[in-house]
Every structure is written in structure tokens, then in C-alpha cells.
K.L.:
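Below you will find the structure I want to go over with you.
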Amino acid sequence: AVVQGPLWVKLGFLLTHPRSAWVLLTTMVRHANMLQNLYCSVVPYRFGTHAVKYIVRPHGGTPDTLPARPTPDYLRERLVRDLARGDAVFDFCVQFQRDEACMPIDDPFRTWSLALSPPRKLATVRILPQVFDTDAIRSYGENLSFTPWHCLPEHLPLGALNRTRRAVYDTLSTYRRERNLAPRVEPIDWDV
């Protein structure tokens, strides 16, 4: 949650909510390249009759370093550079819930044990070389809405946090479309 108010109110919140302070401190990492990050779902999803978390691992290469003086858009600039040069490849994996006690559905602070449930690769994701940083594509993207509930029933998000996210995502999507005077439409092709 975003705490509103002066700095002393924000600091007071963090002092009285040590778990939130710890999460904030451990997640304040600056990344050098979006195509070199490991992506993990914090919350679980249905996988048929099972619960899983998703893990997306980038393929090799020497990791980039942060620029000495990064511009406000350095991540976008690197993405433009890298996807102009070639494709990006990731492994798409799932981690199955093996023990409900130590791999809970409703506690996003509890990391699921990789030793108890190693990630299983299901697919290779390949992002093809492309030019995507144009005014037309940015405008098109501004009116798209993402929701993990746009899925098969066998892959629905699980747990109380996901139910809360659904309300937040719907509200923000409606707000952005109303502010942009844009109808809600589904993409039907790649033509922007």
C-alpha cells in the first residue's frame, strides 16, 4: 500500500509495520536490464487441481551493469537496443505447491522452498527482434489492460491477495480508460 502524507508519517508506518519495511528494503533493487531479470510470481495460480507459482528465467549472456549515470529511461533504452540486435529467450517454469504448511497460498511473504519443489520447465519463451518504441505503439499500449483473470478456469489466480488485486486492476483499468476516453477493447492482431 502507498502511505500518503509527510515523510514522518511514512517513516512511522514503516517503524510500526516491520514486515512491510523489510519487504520494501529487500525489494529496492535497481536492475540493469529487463531481459536479464529472473521473474517470479509472488502469489500462486491454479494449475488444474494443483497450485503453482511461475518462474521465468532468462537465458545466459554476460549480465549488464548499471550505467554510471542512468537516464530516467535507461531500462527502456536497453530494451530498445537489445531487441533491435536480436531475440531474447526465457525458460517458463512452474513450481508446484508440495506442502501447504510451508508453501501457503495466502502468505506472499513466505518464499516457497526450491529444494522442496524445484522449478519445472514447461516452455521456452522467445521475444523476437522488433521495433516497439514508437508513438503509435506507446499510445496503443496506454489503453491496454492486463488481468491475470483473462485465462482458462484451470489457471485462475488463487488466494485472498489475488482477489484483492482483481478489484484494484479493474478499478485502475476503468479509471485509465475513462481518463483517456478510450473504450475497452481486446487486441485482435498485431497491427497497431
Side-chain angles (χ1 to χ4, degrees), residues 2 23-24 26-47 52-95 108 111-112 114 118-152 154-157 161-162 165-166 168-177 179-192:
V2 176
V23 169
L24 180 65
T26 58
T27 59
M28 290 181 61
V29 177
R30 294 183 73 182
H31 297 281
N33 189 323
M34 291 172 23
L35 296 176
Q36 297 171 348
N37 291 349
L38 175 73
Y39 294 94
C40 304
S41 62
V42 175
V43 290
Y45 294 82
R46 185 175 290 155
F47 192 86
V52 298
K53 288 189 178 183
Y54 300 128
I55 298 172
V56 181
R57 294 187 296 225
H59 278 212
T62 304
D64 285 343
T65 57
L66 281 169
R69 291 194 177 99
T71 66
D73 293 324
Y74 78 94
L75 286 173
R76 186 186 76 205
E77 293 160 1
R78 285 205 167 157
L79 193 58
V80 168
R81 175 199 72 189
D82 290 348
L83 289 179
R85 290 180 182 167
D87 54 1
V89 181
F90 297 85
D91 289 335
F92 180 80
C93 307
V94 293
Q95 182 186 24
T111 302
W112 287 12
L114 293 173
R120 294 172 63 181
K121 180 181 173 183
L122 298 183
T124 299
V125 176
R126 185 174 304 277
I127 302 173
L128 299 176
Q130 58 192 282
V131 175
F132 66 89
D133 193 28
T134 67
D135 289 339
I137 292 175
R138 279 192 300 278
S139 175
Y140 180 74
E142 178 62 25
N143 295 309
L144 291 177
S145 295
F146 168 79
T147 175
W149 291 270
H150 192 120
C151 64
L152 297 171
E154 295 84 3
H155 302 293
L156 283 171
L161 186 57
N162 269 322
R165 287 174 64 208
R166 184 174 197 170
V168 171
Y169 282 25
D170 287 345
T171 301
L172 290 176
S173 176
T174 300
Y175 171 77
R176 191 173 70 244
R177 283 192 329 278
R179 185 176 173 117
N180 292 346
L181 302 174
R184 182 177 211 147
V185 295
E186 291 289 327
I188 55 172
D189 58 34
W190 292 103
D191 188 25
V192 176

K.L.:
Give a yes or no on whether the backbone of Tyr39 and the side-chain of Tyr54 come within a donor-acceptor separation of less than 3.5 Å.
P.N.:
no
K.L.:
Taking C-beta and beyond as the side chain, do Tyr175 and Thr171 meet within less than 4.5 Å on heavy atoms?
P.N.:
no
K.L.:
How far does CZ of Arg76 sit from OG1 of Thr71, to the nearest 0.5 angstrom?
P.N.:
8.0 Å
K.L.:
Report yes if some heavy atom in the side chain of Asp87 is under 4.5 Å from a heavy atom in the side chain of Pro129; otherwise report no.
P.N.:
yes
K.L.:
Taking side-chain contact (heavy atoms from CB on, under 4.5 Å) as the test, write out the residues that go with Leu181, two or more places apart.
P.N.:
none
K.L.:
From Ile55 CD1 over to Phe90 CZ, what is the distance, rounded to the nearest 0.5 angstrom?
P.N.:
14.0 Å
K.L.:
Side chain to side chain contact (heavy atoms under 4.5 Å, CB included) for His150 and Ser145? Distances and angles first, verdict last.
P.N.:
CA-CA 10 Å; His150 192 120; Ser145 295; over 6 Å; no
K.L.:
Do you know which two heavy atoms are closest between Asn143 and Arg176, and how far apart they sit?
P.N.:
C-NH2, 4.3 Å
K.L.:
If you define the side chain from C-beta out and look only at heavy atoms, does anything of Lys53 sit under 4.5 Å from Cys40?
P.N.:
no
K.L.:
Given the rule in the side chain to side chain contact (heavy atoms under 4.5 Å, CB included) test, do Asn162 and Tyr45 qualify, once you have shown the distances and angles that lead to the verdict?
P.N.:
CA-CA 9 Å; Asn162 269 322; Tyr45 294 82; 4.1 Å; yes
K.L.:
Under a 4.5 Å cut-off applied to non-hydrogen side-chain atoms, are Pro119 and Leu114 in contact?
P.N.:
yes
K.L.:
Keeping the roles fixed (side chain from Glu154, backbone from Leu152), state whether a donor-acceptor pair exists under 3.5 Å.
P.N.:
no
K.L.:
About how many Å separate CD of Glu77 and CZ of Arg81, when rounded to the nearest 0.5 Å?
P.N.:
10.0 Å
K.L.:
Got a sec: does the CZ of Arg120 have more than 12 other heavy atoms crowding it under 6.0 Å?
P.N.:
no
K.L.:
Give the ring-plane orientation class for Phe146 versus Tyr169, where under 30° counts as parallel, over 60° as perpendicular and anything between as tilted.
P.N.:
tilted
K.L.:
So which heavy atom on Gln36 is nearest to which on Asp64, and how close?
P.N.:
OE1-N, 2.8 Å
K.L.:
Taking atom CZ of Arg57 and atom OG1 of Thr124, what is their separation to the nearest 0.5 Å?
P.N.:
10.5 Å
K.L.:
Kindly indicate whether the side chain of Leu66, heavy atoms from C-beta on, has any atom under 4.5 Å from the side chain of Tyr74.
P.N.:
yes
K.L.:
What is the ring orientation for His155 with Phe47, classed by angle as parallel under 30°, tilted 30 to 60°, or perpendicular over 60°?
P.N.:
perpendicular
K.L.:
Is any side-chain heavy atom of Leu156 closer than 4.5 Å to one of Cys151?
P.N.:
yes
K.L.:
May I ask you to decide if Arg177's main-chain N or O and Arg184's side chain share a donor-acceptor pair within less than 3.5 Å?
P.N.:
no
K.L.:
First locate atom CG of Leu75, then atom CE of Met34, and finally report the distance between them rounded to the nearest 0.5 Å.
P.N.:
6.5 Å
K.L.:
Enter the distance from Arg179:CZ to Glu142:CD here, rounded to the nearest 0.5 Å.
P.N.:
9.5 Å
K.L.:
What pair of heavy atoms forms the shortest contact from Pro108 to Val42, and how long is it?
P.N.:
CB-CG1, 3.6 Å
K.L.:
Kindly indicate whether the side chain of Asn33, heavy atoms from C-beta on, has any atom under 4.5 Å from the side chain of Asp82.
P.N.:
yes
